[in-house]
Amino acid sequence: MNKDTIIRLERIVKNFPVGTGYFTALNNITLKFEKGEFAGLVGPSGSGKTTLLNIIGSLDTPTEGKASIMDKSLIGLSHKESAQLRSKHIGFIFQTYNLLPVYTVYENVEFTLLLQKVPLSERRKAVMEALEWVGLTDKVNSKPSMLSGGESQRVAIARSMVKKPEVVLADEPTANLDSVNSHHILQTMKKLNEELKVTFIFATHDEKVMQYLSRIISLADGKIVGDTINPNHGSNAQ
Amino acid sequence: MIAFKLAYRNLIGAGLRTWLNVTVLSFAYVVIIFHQGLIDGWHRQGLLDLKAWEVGGGHLWHPAYNRYDPITFQDSHRNIDDKLIKKFNEGQIAPVLVVQASAYPDGRLISVILKGIAPRQEIVSIPTRYLADNNAVNAVIGTRMAKLMKVKEGDNILIRWRDKNGVFDATEVHIIKIFKCDVPSVDNGQIWLSLENLQKMTGLVNEATYFILSESYNEGKTDEWKFIPPSYLTRELDEIIRSKRGGGMIMQGILLIIALLAIFDTQVLSIFRRQREIGTYIALGMTRPQVIGIFTVEGAAHSVFAALAGAVYGIPLFIYLAKYGISFGFGDMGLTLADTLYPYYSLELIFWTVLIVVLAATIVSYLPARRIAKMKPTEALKGKLQ
């Protein structure tokens with residue numbers, strides 16, 4: 001096994017019960033992701049992108065197959081073990097930002113560190129560093145309701161990156177953003193990927209995102225229909 | 001800590017909904033404490049009044065004496081021995097002779113109890129000093145009795161009784177003093193005479209039916225007299241208070257349930273509307289019990305806010321009522337009940353009320369939050385109904 005392989009999926013099948021039968025969302029998916037990849041799962045709605053992302057993020061379990069992250073099997077984990085894994089090693093970025101509305105920008109970013117019981121001084125330093133990465137140090141006391149979509153997503157990026165995870169899973173991160181903000185967000189994530197060697201995996205069907213991806217895994221009807229390296233990633237980006 | 005901080009922020013953020021719940025629950029706090037305080041105040045006042053007017057430090061009864069059965073009065077008297085006379089002279093006991101009689105105010109017949117008591121006793125508050133003149137048959141009566149007989153101070157009324165031989169005798173007694181007291185059992189149907197006069201009238205010289213003991217008397221029962229502890233003599237009041245407290249608890253329970261239902265409803269709505277937030281907590285690394293904890297603390301925090309809100313308007317109200325009392329205008333009900341009641345708010349009452357309300361609010365907050373444990377985070381993140 002390649003020691004830089006961070007995620008390993010083998011013959012993953014995911015069925016969802018529908019009426020008396022079931023719907024196969026993922027059908028025999030085998031994939032590996034190396035450390036520091038900036039990869040994307042692309043395909044139309046219903047192709048299984050988000051389902052696969054959820055399995056990698058330990059938010060869901062496959063019906064069949066093996067999945068592991070950093071050599072730790074995701075199969076048979078207890079809720080607590082899954083939570084610990086997500087808390088320490090996996091960052092999430094959502095289409096709808098999912099910021100906690102009652103918290104300020106600072107507190108939203110700080111939240112995951114509080115879960116890990118990081119001491120106050122370290123926490124403060126890490127939060128400010130994360131907000132610097134995304135250029136939001138002037139918004140520390142703002143509530144999410146006072147932010148634009150682009151700013152909200154940058155806060156979400158800072159929140160996912162503040163704990164310096166091994167993997168960041170981004171589900172349609174630009175779907176609610178305009179073109180300018182999308183590129184800004186993607187440039188930020190690309191920069192973090194290169195500087196911190198964090199593995200980014202996107203689920204997207206946004207052409208703008210695909211321009212930045214170094215690897216594009218195409219899904220259709222729950223199957224991999226393409227897995228290509230994008231030699232020009234970032235070059236055509238705005 | 002996160003749970004408390006989030007709960008606080010979410011409650012403040014929820015605005016009017018939070019304040020409506022807090023207001024209703026604070027009202028429950030205030031009503032519960034007010035009502036229990038009123039009952040406790042009544043109990044305290046009642047016990048003090050009973051001790052001051054009737055019970056003292058307990059009684060020594062003739063073994064045949066039953067204060068609820070006038071038939072027993074005829075045979076329940078005995079000679080006061082030297083030892084008891086010594087105690088009386090030391091101010092430790094006050095002898096009382098009890099005789100059944102009839103009074104004829106304005107030609108009407110009223111059954112009464114004549115009680116002869118030593119005029120110089122200082123154990124109970126009955127103004128017996130007015131009875132010191134044994135040359136006249138003076139009597140003191142309570143306001144209830146005066147009202148019943150339609151007499152005022154200075155009036156004379158005819159009374160008739162049977163002496164020790166069973167022979168009827170009658171005389172006019174002079175109402176020298178009408179006293180006001182909140183203990184009906186020393187007032188209703190009672191005419192207080194000097195002990196010496198009543199002993200002479202009945203031929204029961206140097207005899208008594210019972211003794212009222214001072215607080216310092218501690219010799220317990222004697223061979224000839226049965227010791228009746230204060231707890232026995234106040235048990236009627238205790239039982240009335242217990243029944244009032246029970247009845248009040250039903251009302252308080254209903255009020256509390258209404259307030260808790262509002263919290264329950266808010267919790268159900270909250271969990272229904274905030275599924276995406278719940279999914280986010282789980283995605284960020286919280287365990288389900290931690291998320292349940294956030295929602296439980298949030299619901300339970302209503303009760304803490306309500307306690308603070310209740311304190312804002314409740315404490316001044318309680319202080320005012322404890323100082324000036326509250327009059328319901330029905331002092332004369334045959335109960336040991338003052339015209340003006342002074343509620344008594346003990347720390348124990350406040351502590352238990354707050355504890356019970358906080359616990360109840362925590363339970364009703366936890367019940368709907370348990371549903372989070374069954375939620376699929378992937379569905380919750382989409383905000384889908386589960």
Side-chain angles (χ1 to χ4, degrees), chain A residues 14 16-17 25 50-61 77-104 107-117 120 143-145 156 159-160 162-163 165 168-172, chain B residues 1-19 266 269-271 273-295 297-299 301-302 305 369-386:
Chain A
K14 181 66 184 179
F16 290 107
T50 300
T51 305
L52 190 55
L53 217 57
N54 286 338
I55 288 172
I56 296 169
S58 193
L59 288 171
D60 206 351
T61 50
L77 288 183
S78 67
H79 287 319
K80 193 177 176 184
E81 288 169 327
S82 291
Q84 277 176 348
L85 184 73
R86 286 191 296 271
S87 170
K88 288 183 181 163
H89 304 294
I90 304 171
F92 287 90
I93 298 169
F94 304 100
Q95 178 182 339
T96 48
Y97 327 129
N98 292 25
L99 300 178
L100 302 176
V102 293
Y103 270 6
T104 62
E107 288 164 336
N108 264 285
V109 178
E110 186 191 31
F111 188 78
T112 52
L113 300 181
L114 282 169
L115 290 179
Q116 292 181 41
K117 298 185 169 63
L120 178 66
K143 288 277 177 72
S145 58
R159 180 177 67 182
S160 71
V162 71
K163 60 191 176 188
V168 170
L169 305 173
D171 189 3
E172 305 279 11
Chain B
M1 196 59 204
I2 298 177
F4 286 101
K5 192 173 174 182
L6 265 175
Y8 173 76
R9 293 290 181 81
N10 279 322
L11 283 176
I12 297 294
L16 188 62
R17 198 171 63 240
T18 297
W19 297 116
T266 301
L269 190 68
S270 221
I271 289 158
R273 286 172 53 175
R274 289 162 60 191
Q275 295 205 49
R276 185 167 287 165
E277 186 184 328
I278 292 166
T280 305
Y281 289 139
I282 294 171
L284 293 178
M286 286 190 108
T287 60
R288 283 166 173 79
Q290 280 177 310
V291 182
I292 291 171
I294 286 178
F295 279 80
V297 168
E298 198 173 308
H302 281 103
F305 279 18
R370 284 182 311 169
R371 202 178 146 188
I372 292 167
K374 293 176 190 162
M375 280 185 184
K376 288 184 180 172
T378 50
E379 301 296 300
L381 278 166
K382 292 176 196 163
K384 275 190 179 176
L385 299 182
Q386 293 181 60

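On a predicted model such as this, the values are computed, not experimentally measured, just so you know. The sequence lines fix the lettering, A, B, ..., with proteins before strands; numbering per chain opens at 1.
Cation-pi geometry between K5(B) and Y103(A) is satisfied (NZ or CZ under 6.0 Å from the ring centre, within 45° of the ring normal).
Side-chain atoms of R159(A) and T280(B), non-hydrogen and from C-beta on, do get closer than 4.5 Å to each other. Using a 4.5 Å heavy-atom cutoff, the side chains of L6(B) and F111(A) are in contact. Between T287(B) and H79(A) the shortest side-chain heavy-atom distance does not fall below 4.5 Å.
Between the OG1 atom in T378(B) and the CG atom in D60(A) there is a gap of 4.5 Å [rounded to 0.5 Å]. Rounding to the nearest 0.5 angstrom, the gap separating the CG atom in L381(B) from the CG atom in D171(A) is 9.0 Å. Summarising the geometry, atom CG belonging to N54(A) is positioned 11.5 Å from atom NZ belonging to K376(B); distances are rounded to the nearest 0.5 Å. Atoms CG and CG, from L284(B) and L114(A) in turn, are 11.5 Å apart once rounded to the nearest 0.5 Å. Between the CG atom of L59(A) and the CD1 atom of I282(B) there is a distance of 8.0 Å, given to the nearest 0.5 Å. Distance check: L100(A) CG to N10(B) CG gives 8.0 Å after rounding to the nearest 0.5 Å.
A search for side-chain hydrogen bond (donor to acceptor under 3.5 Å, both in side chains) contacts involving T51(A) returns nothing, not counting sequence neighbours. With sequence neighbours excluded, the residues satisfying side-chain hydrogen bond (donor to acceptor under 3.5 Å, both in side chains) with E81(A) are S78(A). In this view, R9(B) and E107(A) satisfy the side-chain hydrogen bond (donor to acceptor under 3.5 Å, both in side chains) rule, not counting sequence neighbours.
The stretch residues 82-89 of chain A places A83(A), R86(A), S87(A) near chain B, each with some heavy atom under 4.5 Å from a heavy atom of that chain.
Within the 4.5 angstrom heavy-atom criterion, no atom of I12(B) approaches chain A. For a residue to count as touching a neighbouring chain, one of its non-hydrogen atoms must lie under 4.5 Å from one of that chain's; by this rule S160(A) does not touch chain B. Looking at R288(B), the atoms closer than 4.5 Å to chain A (heavy atoms on both sides) all sit in the side chain, from C-beta outward.
Residues F94(A) and A283(B) approach most closely at CZ-CB, 3.7 Å, considering heavy atoms.
More than 12 heavy atoms of other residues, nucleotides or ligands lie within 6.0 Å of CZ in F16(A), so this atom counts as buried by the packing criterion.
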